Number of protein chains: 2
Amino acid sequence: MRKNPERRTALVDAAIEVLAREGARGLTFRAVDVEAGVPAGTASNYFASRDDLFTQAGGRIYERLQPDAPTMAKAADGAYDRATLTELMYELVGRIAAFRTGYLALLELRLEATRRPELRAVLTERVRADIDANLSNHGESRMPGDATSVLLLYLALNWLIVEQLTLPEIFTEREVRDLVAAAVERALPATPCPPAPAGVPAPGPGR
Amino acid sequence: MRKNPERRTALVDAAIEVLAREGARGLTFRAVDVEAGVPAGTASNYFASRDDLFTQAGGRIYERLQPDAPTMAKAADGAYDRATLTELMYELVGRIAAFRTGYLALLELRLEATRRPELRAVLTERVRADIDANLSNHGESRMPGDATSVLLLYLALNWLIVEQLTLPEIFTEREVRDLVAAAVERALPATPCPPAPAGVPAPGPGR
DNA sequence: ACTGTAGTACTACAGATGGAGTGGTGTCAA
DNA sequence: TTGACACCACTCCATCTGTAGTACTACAGT
């Protein structure tokens, strides 16, 4: 088992590309070698098994997907209002969709996790950490919305990204933007009303 | 190219199982033969190519996923209020998650659509039809909520199902139920307020 | 009842690809 | 010199596609 860390990272990153392009079943030692531009057999020396490749790729994707310095800064510095939150979510979708191969690889890994308990454990831990991080980030910032808002946004935006990456013709760019805005808008708990026009008690479907 | 329609259907259904279990790359003529319990070579006689297999499977899944007589009836007959809608959505999530292999196969196909234009065209058409059907069903029924509500529910619930099927330990059954309820609750446009307590102008994050 | 024919089920094979794993050799630096 | 790694080569193995060829079944015409 070789140690060289740069090489190892390069190989894992190559594995992500292969995953996105060829699918989980296409992730082989040889394919990684080719993608990374190293001699055949190299990946064999760096990973104990294919399982190992999968789990390392799973870990690495979150490493690359999670942190995002400039956005984090904006999240911390910006105003804590709905408009800023919308802007942030819009950036989030754009940013993740931009790392197309990473997200597609992640989907492949999720499906592969169906078959590989070890991978499932790794992904479960990462996803849980991701969600928890979102929750506590949101809690610490003073953005509007509660924990439920965060979870609902998580759900809706994830599928929105799936839709964009796999069947881009379903929603236009405009529709995507509108959906992000609507998701933020409605994910927030009902806000107290602006002062009602007049004595009209405003019926409508009460909760 | 053989014609026997029962056999063809059986083969396509077998293909769906294979997709869910082995992934897109594992969908081969031989694997379909084995899954369907027919002699080797049979699938070769029924499908012009692997592409053909994929597109036929894509069509068939929606055939099996879409219609659902009892639920449709409930949607039409039930009361048109939020509680009924919630119940309906809960059933929807349960029902789709129950056809586990079908939904997983669909995800595999979405990823494969990334590589096969023909398959992408088929899926795009089906998904669009699905969304349109949801929109118009909702419009015709007199359920609360607007088109945006339907789309947001579509997004959130889809990912919720993905989460359940691929990493079931992330959300407990209870959390899933709560998330479905919250999704319905908040997907609906903000309702007019109940009469405010007193002259307090209700500040909070204005839009 | 006989037979020809068409459609289909089943079998077998040719040809080819691609991958896992491993051992061996070259190279460089401590 | 020794150890760690890069690189290369080779063997063994599993699988797939596409197609050709054979066997079965049903039916129609006579």
Side-chain angles (χ1 to χ4, degrees), chain A residues 1-58 60 105 108-109 111-112 114-119, chain B residues 1-58 60 105 108-109 111-112 114-119:
Chain A
M1 185 85 73
R2 304 300 150 80
K3 301 287 175 192
N4 184 332
E6 292 88 23
R7 204 153 236 247
R8 161 159 266 123
T9 307
L11 287 170
V12 178
D13 283 338
I16 292 173
E17 298 303 310
V18 172
L19 267 173
R21 203 180 51 242
E22 316 268 356
R25 195 116 161 186
L27 182 63
T28 66
F29 288 137
R30 288 297 190 273
V32 172
D33 290 337
V34 173
E35 175 70 27
V38 297
T42 303
S44 287
N45 290 329
Y46 274 84
F47 304 95
S49 64
R50 254 180 103 225
D51 250 294
D52 196 21
L53 241 185
F54 276 107
T55 54
Q56 291 204 34
R60 173 83 177 139
E108 293 282 358
L109 285 176
L111 288 170
E112 190 67 16
T114 280
R115 297 154 214 143
R116 291 176 193 270
E118 200 180 334
L119 176 59
Chain B
M1 187 85 73
R2 304 302 150 80
K3 302 285 175 195
N4 184 334
E6 291 88 22
R7 205 153 233 248
R8 161 159 267 128
T9 307
L11 287 171
V12 177
D13 283 339
I16 292 173
E17 299 303 311
V18 172
L19 267 174
R21 205 179 52 240
E22 317 267 357
R25 192 115 161 190
L27 182 63
T28 66
F29 288 137
R30 288 297 189 275
V32 171
D33 290 338
V34 172
E35 175 70 27
V38 298
T42 303
S44 286
N45 289 328
Y46 275 84
F47 303 94
S49 63
R50 254 181 103 226
D51 252 292
D52 195 22
L53 239 184
F54 276 107
T55 54
Q56 291 203 33
R60 173 84 177 136
E108 293 282 358
L109 286 175
L111 287 170
E112 190 66 16
T114 280
R115 299 154 214 142
R116 293 177 192 271
E118 199 180 333
L119 176 59

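Every chain is numbered from 1 and lettered A, B, ... according to where its sequence line falls, protein lines coming before strand lines. What you are looking at is a predicted structure, and each value in this text was computed from that prediction instead of being measured.
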Q. Do B/L19 and B/F54 touch side chain to side chain, with heavy atoms closer than 4.5 Å?
A. yes
Q. Is there a side-chain contact between B/D52 and B/Y46 (heavy atoms, below 4.5 Å)?
A. no
Q. What is the distance from atom CD1 of B/I16 to atom CG of B/L11, rounded to the nearest 0.5 Å?
A. 11.5 Å
Q | CG-CG distance between B/L53 and B/L27, expressed to the nearest 0.5 angstrom | A | 5.0 Å
Q | Divergence of helical axes at both termini of the helix from C/dA1-D/dT30 to C/dA30-D/dT1 - five pairs an end, 10° steps | A | 10°
Lys/Arg N to Asp/Glu carboxylate O, [X] vs [Y], below 4.0 Å:
X      : Y      : answer
A/R115 : B/E22  : no
B/E17  : B/R60  : no
B/R25  : B/E112 : no

Can you tell me the distance, in whole Å, between the [atom1] atom of [X] and the [atom2] atom of [N]?
X     : N      : atom1 : atom2 : answer
B/F54 : D/dT17 : CZ    : P     : 10 Å
B/R50 : D/dC16 : CZ    : P     : 10 Å
B/R8  : C/dG7  : CZ    : P     : 15 Å
A/D52 : C/dG21 : CG    : P     : 12 Å
B/R25 : C/dG18 : CZ    : P     : 9 Å
A/D51 : C/dG21 : CG    : P     : 11 Å
B/D33 : D/dG18 : CG    : C1'   : 13 Å
B/E22 : D/dT15 : CD    : C1'   : 13 Å

Q: Identify the heavy atoms of A/A10 and A/A36 that sit nearest to each other, and give their distance.
A: O-CB, 4.5 Å
Q.
Whether the side chain of A/E35 engages the backbone of A/V18 through a donor-acceptor N/O pair (distance < 3.5 Å, no angle test) should be reported.
A. no
Mind listing the N/O atom pairs, protein and nucleotides 4-9 of chain D, below 3.5 Å?
unit_1, atom_1, unit_2, atom_2, d
D/dA6, OP1, A/N4, ND2, 3.3
D/dA6, OP1, A/Y46, OH, 3.1
D/dA6, OP2, A/Y46, OH, 2.8
D/dA6, N7, A/R2, NH1, 3.1
D/dC7, OP2, A/R7, NH1, 3.3
D/dC7, OP2, A/R7, NH2, 2.7

Q.
Under 4.0 Å, heavy atoms only, any strand: does B/S44 hit a base, just the sugar-phosphate, or nothing?
A. base
